[in-house]
Structures are given as C-alpha cells and as structure tokens.
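For clarity, every value in this text was computed on a predicted model and none was experimentally measured. Numbers restart at 1 for each chain; the letters A, B, ... are given by sequence-line order, proteins then strands.
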Number of protein chains: 2
Amino acid sequence: MASKLSFEEKYDVIVRRDTTYAGIFFVAVKTTGIFCRPGCTARTPKSKNVLFYDTSHEAIINGYRPCKICKPLEELGATPDYIQKILDELEAHPYRRLKDWDLRQRGIEPSQIRRWFKKNHNMTFQAYQRLYRINGAFTKISNGESITHTAYDIGFESISGFNDSFKSTFDHAPSQEKGKTVIQLIRFTTPIGPMFAGATSTGVCLTEFTDRPMLETEFKDLKKRLNAVILPGENKHLVQLQQELAEYFEGKRKVFTVPLHTPGSAFSQSVWQLLRTIPFGATRTYKEQAEKLGKPKGVRAVGRANGLNKIAIVIPCHRVLGSNGELVGYGGGKGRKKWLLDHERMHAMST
Amino acid sequence: MASKLSFEEKYDVIVRRDTTYAGIFFVAVKTTGIFCRPGCTARTPKSKNVLFYDTSHEAIINGYRPCKICKPLEELGATPDYIQKILDELEAHPYRRLKDWDLRQRGIEPSQIRRWFKKNHNMTFQAYQRLYRINGAFTKISNGESITHTAYDIGFESISGFNDSFKSTFDHAPSQEKGKTVIQLIRFTTPIGPMFAGATSTGVCLTEFTDRPMLETEFKDLKKRLNAVILPGENKHLVQLQQELAEYFEGKRKVFTVPLHTPGSAFSQSVWQLLRTIPFGATRTYKEQAEKLGKPKGVRAVGRANGLNKIAIVIPCHRVLGSNGELVGYGGGKGRKKWLLDHERMHAMST
DNA sequence: AAATCCATGTTCAGTTTTCGGTGGCGATAC
DNA sequence: GTATCGCCACCGAAAACTGAACATGGATTT
C-alpha cells in the first residue's frame with residue numbers, strides 16, 4: 001500500500017524545492033493567503049505557517065489565492081502564450097526561418113525563448129527550428145524530391161549549410177540517406193509534469209517525464225536499436241497517444257490501445273508484456289512478476305527490465321511494488337509513482 | 001567599543017548553561033573552592049556564591065581547583081583519548097569495520113561512544129563509520145576504480161550490501177553519475193569552542209562553531225546549492241585551514257590564504273568579498289559596509305548577508321559592528337565576537 | 001547529609017543493515 | 001562473434017545496531 005506523505009515529508013519537499021511532487025499536492029501559506037506548487041521558487045515558508053491540500057480546488061475553497069510565481073492553476077509546464085504563438089507560426093509555415101531578428105520584430109527577446117527551450121526541450125530555439133525543418137526535409141527526400149531543391153525549399157541559405165545540418169542530425173550525408181528510421185518526438189503536459197513521447201511509423205516507442213534522469217540514455221538506446229534519428233514532429237500514433245493519455249488522466253481510460261514499438265531483448269519484451277496485463281488500479285510485486293514469468297529467482301532481473309521500460313504509464317511499470325508493499329524505485333520519481341497509483345485506485349471503481 | 005558583561009549577565013550565562021561563553025570567562029564557587037567553565041552541567045550555584053575570572057590562571061592562583069566534570073584546564077571540547085584512538089584506527093584502516101564487539105574488545109562501551117557521537121556529530125558512531133567509508137568509496141569510484149573492488153576495499157563483504165549503503169547516502173546507485181559533490185567535514189577545537197569545517201575540492205565552504213543554532217540550516221543550504229552530500233572526511237584544504245586557524249588563534253596569522261568556495265547570490269558574494277578586506281584588528285560598521293557597496297540604504301541587506309556567511313573567522317563577519325560601536329549579533333554568540341575582537345586588538349601591534 | 005544533575009552501564013524490543021543468492025544486460029576483451 | 005565482467009528499480013533471513021528506560025554512582029552545591 002502506497003503510504004501517504006506525512007506533514008514533515010511534504011514540508012521537506014517544499015524546503016528542497018522538489019519539483020517531482022508538483023501536481024501531487026499543494027502548499028498553502030497561512031500568513032499570506034497564497035498557495036503554491038511544490039517547487040515554487042518564492043521564499044520558503046516556515047513550517048508552522050503551511051497547510052497542505054491534495055487539490056487546488058480545496059485550497060481555493062479555503063480562501064487561498066494562487067501564487068503569481070508558480071501559477072498553480074495553469075497546467076504544469078504549459079507553454080506561455082507568446083511562445084505558443086511562435087510555435088503556431090512555425091507549424092503554419094514549416095519552412096520559414098525565424099532568426100533572432102524576427103523574434104524581436106514580434107516583441108520577443110530571443111534569450112527569453114532560448115531559455116524556455118533549453119529548459120523544456122533541452123535545446124536552443126534555433127536548434128529546435130533546424131530539427132523541425134530537417135524533419136520536413138526528410139519527408140520530402142523520402143518522397144523522392146531532389147536534394148538541392150529540397151534544401152533551398154526549406155530555407156537554408158546554402159547547400160553546404162544544409163549538408164552540415166543534415167549530417168549532424170542524421171549522421172551521414174543526405175544522398176546516403178536511405179535506411180534511417182525517424183522517431184517523431186513531441187512534448188506535452190500532464191497533471192504531474194511535462195512528458196516527451198516518441199513514435200516511429202510502427203508505434204509509440206517512448207513516453208517519459210522530461211526530467212527523468214535516464215532520458216538521454218533512452219534516446220541513445222532507441223537511436224541505436226532502431227537505427228533511427230529523433231526529430232520533433234507528430235504522427236498519427238502520437239495523436240492517438242495524447243488522446244488516450246488525456247482520457248487516462250481524467251480517470252476515464254483504463255486500457256491503452258495505441259500501437260507500441262518496443263525494441264529490446266526477448267526477456268525484456270516478456271517482462272513488458274506481462275506488465276501490460278496488470279489491470280488499472282491493481283498492483284503486483286516484483287516477486288509475483290518473476291513467478292508468473294516462470295523465473296521465481298529472477299526478481300532482480302525483472303526489476304532491471306522494469307527500469308528499462310521506456311513507455312511510462314502506457315506500460316504500467318508503476319504498478320509493481322517491493323514485496324513489503326514499498327514503492328521502491330521509479331524512473332519518474334517515487335512521488336509520481338504514488339500519484340499514479342492513488343489516481344488509479346480512486347478511479348478503479350467507476351465504470 | 002565592545003562592552004564588558006555585567007555580573008548579572010554572566011550569572012545568567014551560567015544559569016542558561018550557555019556554552020558559547022566557554023573559554024571566554026570562568027566561574028568560581030566560593031563554597032566549594034571549585035571553578036568551572038560556563039556550560040558545566042553540575043548543579044547551578046547560587047549567585048551569592050560565585051565569582052568570575054577571565055582566565056583559568058586567575059582562578060587557580062586564587063585557590064580554586066578545576067571541576068572534575070567540565071575540566072576547565074583541558075582543551076575545550078577535545079575528543080576524549082579513547083575515542084581519538086578509535087578514530088585514528090579508522091583512518092589507518094578504513095576497511096576495518098569496528099563492530100560493537102570490537103569496541104568492547106578495546107575496552108570501550110559501545111553505548112558510550114555512541115552517545116559521544118550523537119552529541120558531537122549528531123549521528124551514531126556506526127553511522128559515522130559507515131559514512132566515512134562510503135566517502136572513501138566515492139573517491140575511489142570517482143578516480144575510476146571499479147565499483148566491485150571498491151566495495152570490498154572499504155570493508156563490505158557483499159556487493160549488494162555496499163550498493164544498499166551507497167544508495168541510501170547518495171540516492172542513486174554507484175554507477176549513476178549525477179554530478180553530486182562531496183563536502184568533507186571535520187570537527188576540531190579552538191580556545192573558544194569546537195568547530196566544524198567543510199570543504200569541497202574547490203575550497204573551504206564552511207567553518208562554524210558546533211553550537212551555532214543555524215548550523216543545520218547552513219548544511220541544508222550548502223547541500224542544495226552545491227548539489228552535495230556532507231560526509232565525514234578530510235582534504236588538503238581542510239588541512240591548510242586547520243593550520244592557518246591554529247596560527248590565527250596563536251595571534252600569528254592575520255591573513256588567510258586557504259581557497260574558499262562560497263556559493264550565494266551576487267550580492268552576498270560582494271558583501272563577503274568586502275568583509276575580507278577589513279584588516280585583522282580593524283572594525284567597520286554595517287553602515288560603512290553598505291556605503292562602500294554603493295548602497296547606503298542597504299544596511300539591513302548587508303547585515304543579512306553577513307549573517308549568511310558560513311565561513312566564520314576566515315571571512316571576518318565579526319569585524320562589523322553597529323554604528324554606535326555595539327557588538328550587535330553574531331552567529332557564534334556575542335561572547336565569541338568580543339573575544340575575537342579583543343584577541344585581534346591584542347595581537348594587531350606585533351610583527 | 002540531602003538535593004541536584006548528569007554520565008555511565010545494562011537490558012531489551014524494535015529497526016536497520018548486511019549478506020548471499022539471483023538472472024539478465026551492456027560493455028569490454030579476446 | 002562470443003566469453004567474461006561489472007552492475008543492479010529485489011528478497012528474506014540473520015546479524016548488528018538503536019533508543020529508551022532504568023538503576024547506579026560520582027561530582028557539586030546547599
């Protein structure tokens with residue numbers, strides 16, 4: 001049974017500014033009448049002045065107003081308006097190249113948008129744009145258009161610049177491009193933090209919280225296993241995934257039907273397959289999992305394979321606990337594991 | 001000018017058992033012919049029976065003998081011999097695990113050493129020992145030694161045991177490099193009380209009297225700012241620091257050259273930098289400091305930044321007074337502030 | 001002699017740490 | 001390419017430690 005956080009534990013989360021608990025509870029400060037998310041950068045309140053709520057609604061009906069720094073009412077990690085506008089523009093005109101000068105024209109400090117991208121996508125805005133364009137180029141090339149034509153088409157100012165850029169993304173020159181797969185990558189938000197999702201044309205191959213430490217390793221692993229490159233962009237699987245996840249977070253969806261693409265060893269595959277059989281709202285122990293696989297001694301191995309799962313939530317590795325009922329580890333942080341389990345328990349009854 | 005304590009104030013120090021005045025004056029009890037340090041745990045004498053002396057020497061020549069509880073002639077806060085021996089052994093043979101049984105072999109009651117460590121290091125001896133070894137392990141692993149060998153080198157007899165232990169102090173498995181730094185921490189004595197000193201590989205980041213109330217907060221702050229773990233151990237900066245402090249207390253050193261590591265806001269940094277320019281033996285007022293920083297209205301801010309200084313003595317926040325010449329506050333206690341200023345005034349002339 | 005105030009040693013139930021046993025995986029060395 | 005090594009989001013039992021409680025005793029003061 002997932003244990004509830006004590007007051008002290010919650011307060012410690014506040015003191016440490018631990019963002020992994022954002023969305024899991026809210027902290028209200030009696031002296032100011034303001035409530036924040038854990039991780040808010042405002043001055044740390046004294047423990048005697050704080051109250052905790054599980055939902056923002058509770059905080060509000062108790063008379064607190066949302067903090068202006070951490071904006072606990074806006075969707076966590078939500079994209080600010082001015083950046084949303086730029087992204088819309090980019091989507092509408094994929095080949096337009098927005099330089100710093102263009103950003104200033106639109107009243108945006110380039111450094112501001114750069115910082116936001118650094119933080120949320122771990123790349124600069126210019127790098128994001130480049131990748132975005134390259135993604136379009138890939139499609140065109142796949143469709144058989146000539147390379148030079150494509151290059152000019154998408155706004156590179158010289159062929160050599162295009163080649164360099166393409167090379168750095170695909171690891172070899174455009175003319176050799178044939179066998180590489182593309183993993184489309186998107187970023188979206190959930191009540192417990194922003195996530196990345198990636199999909200090939202076969203299916204979804206990744207969903208992870210953006211702050212998962214192993215993320216880079218997972219990218220590397222996917223690129224290697226699928227002989228692929230990762231580029232920003234959407235495809236139909238990602239559309240479906242977002243829809244299903246949204247329903248999941250509303251408590252309405254208990255089974256995911258989006259196709260998956262999960263390269264890995266046979267053993268890993270079997271572990272992941274087994275994970276998918278754990279129903280919404282239920283939990284198992286590592287030991288039970290090992291036994292079901294016919295390897296009662298392979299508990300550690302199961303744990304390891306669990307950790308190797310790259311499709312958080314959809315492949316519900318969060319539903320596996322230590323044999324004494326403890327949460328043990330979770331790539332997205334134990335706070336999220338607990339939140340997910342509570343969420344599922346709460347909605348398990350309905351429908 | 002720093003004011004002298006009145007009889008009532010001194011007696012109050014005795015009643016409160018305020019250790020921050022230990023080493024600064026002595027209390028003699030007329031009815032028993034015994035003299036103690038402030039903070040002695042023996043029964044409190046009545047005020048009519050006490051006399052105060054500035055030095056132990058004066059008490060002795062007036063016919064008083066040292067108390068057997070607080071031992072005013074022995075080094076203040078010194079590690080007892082029988083414990084020092086154990087610590088030496090630990091340093092010489094880090095792989096040798098001293099169990100309670102081993103301690104008894106050496107004629108030491110485990111509960112006794114446990115109590116001493118609880119009191120002076122805020123952890124049990126076993127915990128201290130473990131952290132000390134884990135610290136060594138971290139160094140070895142950082143130096144590229146294999147995790148398996150390291151585990152055995154530092155006295156574990158199973159990898160899993162080592163892993164568990166490592167994880168509980170670092171929050172992640174040994175191989176997972178997460179950029180954590182280690183702050184080495186030592187305890188040592190001075191004429192006016194025991195101190196802790198901490199240092200990263202960059203430089204000294206903390207020197208404080210062990211009874212400073214804010215100590216835990218300072219630890220927490222350092223851990224957060226440097227993404228660090230604080231572990232018992234030494235490094236070259238700490239060796240140098242101890243040497244320089246010893247010279248300082250002898251009145252021979254007026255300038256510290258040991259490298260510092262002082263994370264903090266730009267403003268704090270500037271305040272601390274300015275503090276270091278106040279010469280040995282001199283004093284300034286908060287107001288002067290604020291003016292020198294070009295912020296004549298920022299007196300309070302300067303005071304605050306002074307208080308945030310974690311490197312007592314080396315960064316001489318004790319050399320700043322209120323504009324009327326009063327001592328105002330000091331993290332280590334006003335008694336120590338006055339002692340330090342007197343000490344510096346006395347030795348300012350020489351050499 | 002009585003009162004105060006701790007430090008010490010013992011005990012013991014309740015926790016924590018440690019250890020061996022695990023199977024699989026990725027990197028490395030042939 | 002294939003053997004080996006190093007590492008691990010585990011488990012269960014045994015060993016070792018902890019903290020709290022208590023009696024005892026020493027030192028100091030009244």
Side-chain angles (χ1 to χ4, degrees), chain A residues 212-214 217 220-221 224-225 264-268 270-271 285-291 293-309 317-318 320-324 326-334 337, chain B residues 17 27 29-36 40-46 48-50 65-71 80 97-104 108-119 123-127 129-130 141 145-151 155-169 171-176:
Chain A
R212 169 159 196 186
M214 291 291 288
T217 315
K220 211 165 81 185
D221 187 62
K224 203 174 99 188
R225 284 182 188 278
S265 73
F267 179 77
S268 296
S270 68
V271 170
T285 66
Y286 286 98
K287 199 174 178 197
E288 284 167 357
Q289 292 293 88
E291 279 161 1
L293 286 167
K295 308 206 173 183
K297 302 288 181 68
V299 187
R300 273 192 104 99
V302 169
R304 195 169 150 71
N306 253 28
L308 255 29
N309 171 34
C317 55
H318 59 278
V320 185
L321 308 174
S323 56
N324 52 4
E326 273 197 39
L327 292 178
V328 198
Y330 186 61
K334 291 185 198 173
K337 188 169 183 174
Chain B
R17 307 244 155 110
V27 55
V29 181
K30 292 186 245 178
T31 48
T32 58
I34 297 173
F35 76 97
C36 301
C40 180
T41 59
R43 189 172 168 188
T44 323
K46 294 204 165 176
K48 64 172 181 184
N49 295 329
V50 303
R65 76 151 171 86
C67 165
K68 290 181 189 172
I69 295 175
C70 61
K71 300 179 180 155
R97 269 200 289 171
L98 295 172
K99 306 182 176 179
D100 282 2
W101 184 87
D102 299 297
L103 296 173
R104 259 192 263 273
I108 296 168
E109 225 4 85
S111 70
Q112 195 179 12
I113 195 167
R114 181 156 65 238
R115 280 202 264 247
W116 189 87
F117 269 87
K118 275 299 265 186
K119 190 168 149 197
M123 64 179 89
T124 67
F125 174 63
Q126 293 294 340
Q129 211 185 151
R130 190 167 50 245
I141 291 171
E145 291 194 37
S146 101
I147 290 167
T148 312
H149 286 305
T150 303
F156 278 88
E157 286 172 17
S158 75
I159 304 295
S160 55
F162 170 68
N163 261 321
D164 289 348
S165 210
F166 191 97
K167 270 196 294 198
S168 71
T169 70
D171 264 358
H172 58 79
S175 68
Q176 303 253 304

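With the nearest nucleotide of DNA chain C identified for both F162(B) and E109(B), E109(B) has the one nearer the 5' end. Looking at which nucleotide of DNA chain C each of E157(B) and K224(A) is closest to, the 5′-most match is held by E157(B). Nearer the 5' end of DNA chain D, as judged by each residue's closest nucleotide, is the contact made by G307(A), out of K287(A) and G307(A). Place W101(B) and L308(A) on DNA chain D by their nearest nucleotides, and L308(A) ends up nearer the 5' end.
With hydrogens and angles ignored, the 3.5 Å screen pairs a side-chain donor or acceptor of D102(B) with a backbone N or O of K99(B). Not one N or O on the side chain of K287(A) forms a donor-acceptor pair closer than 3.5 Å with the backbone of V299(A). Between the Q129(B) side chain and the L98(B) main chain, a donor and an acceptor come within less than 3.5 Å of each other.
Looking at heavy-atom distances under 4.0 Å, S165(B) makes contact with sugar-phosphate atoms alone, never a base. Within the nucleic acid shown, F267(A) comes within 4.0 Å of sugar-phosphate atoms alone, with no base atom in reach, counting heavy atoms only. Across all strands, R104(B) comes closer than 4.0 Å to no nucleic acid atom at all (heavy-atom distances). As judged by a 4.0 angstrom heavy-atom cut-off over every strand, K48(B) is placed among residues making no nucleic acid contact. As judged by a 4.0 angstrom heavy-atom cut-off over every strand, S323(A) is placed among residues touching the sugar-phosphate backbone only. Heavy atoms of K71(B) sit nowhere under 4.0 angstrom from any nucleic acid atom.
The aromatic rings of F156(B) and F162(B) sit perpendicular, their planes meeting at an angle over 60°, well past the 30° parallel limit.
Here the P atom of nucleotide dG12(D) and the OH atom of Y286(A) are 14 Å apart, to the nearest Å. Between the CZ atom of R304(A) and the P atom of dG6(D) there is a distance of 15 Å, rounded to whole Å. In this structure, the CG atom of N309(A) is 12 Å from the C1' atom of dA9(D), given to the nearest Å. One atom, CG of D164(B), and another, P of dG12(D), lie 14 Å apart when rounded to the nearest Å.
Considering every non-hydrogen atom in both K71(B) and K68(B), the closest pair reads CE-O, 3.6 Å.
Nucleotides of DNA chain C with any atom under 4.0 Å from a heavy atom of chain B span, from 5' to 3', dA3(C) to dG21(C).
A close approach under 4.0 Å does not occur between any side-chain nitrogen or oxygen of N306(A) and OP1 or OP2 of dA9(D). Side-chain N/O atoms of T148(B) include none lying less than 4.0 angstrom from OP1 or OP2 on dG6(D).
Among residues two or more places apart in sequence or in another chain, the side chain to side chain contact (heavy atoms under 4.5 Å, CB included) test is passed with E157(B) by none.
Between T31(B) and K46(B) there is no side-chain heavy-atom pair separated by less than 4.5 Å.
Surrounding NZ of K30(B) are more than 12 heavy atoms belonging to other residues, nucleotides or ligands, all under 6.0 Å away.
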Any chance you could list the contact pattern along nucleotides 18-30 of chain D? Use B for base contacts, S for sugar-phosphate-only contacts and - for none, protein heavy atoms under 4.0 Å, 5' to 3'.
-> BB-------SSBS
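Put simply, CD on E109(B) and CZ on R104(B) are 5.0 Å apart, with the number rounded to the nearest 0.5 Å.
Of the nucleotides present, none pairs with dT22(C) by Watson-Crick or G-U wobble criteria with both distances under 3.5 Å. Across all strands shown, dA9(D) remains unpaired; no Watson-Crick or G-U wobble contact has both distances below 3.5 Å.
Side chains of R17(B) and T44(B): a donor-acceptor N/O pair is present below 3.5 angstrom, by distance only.
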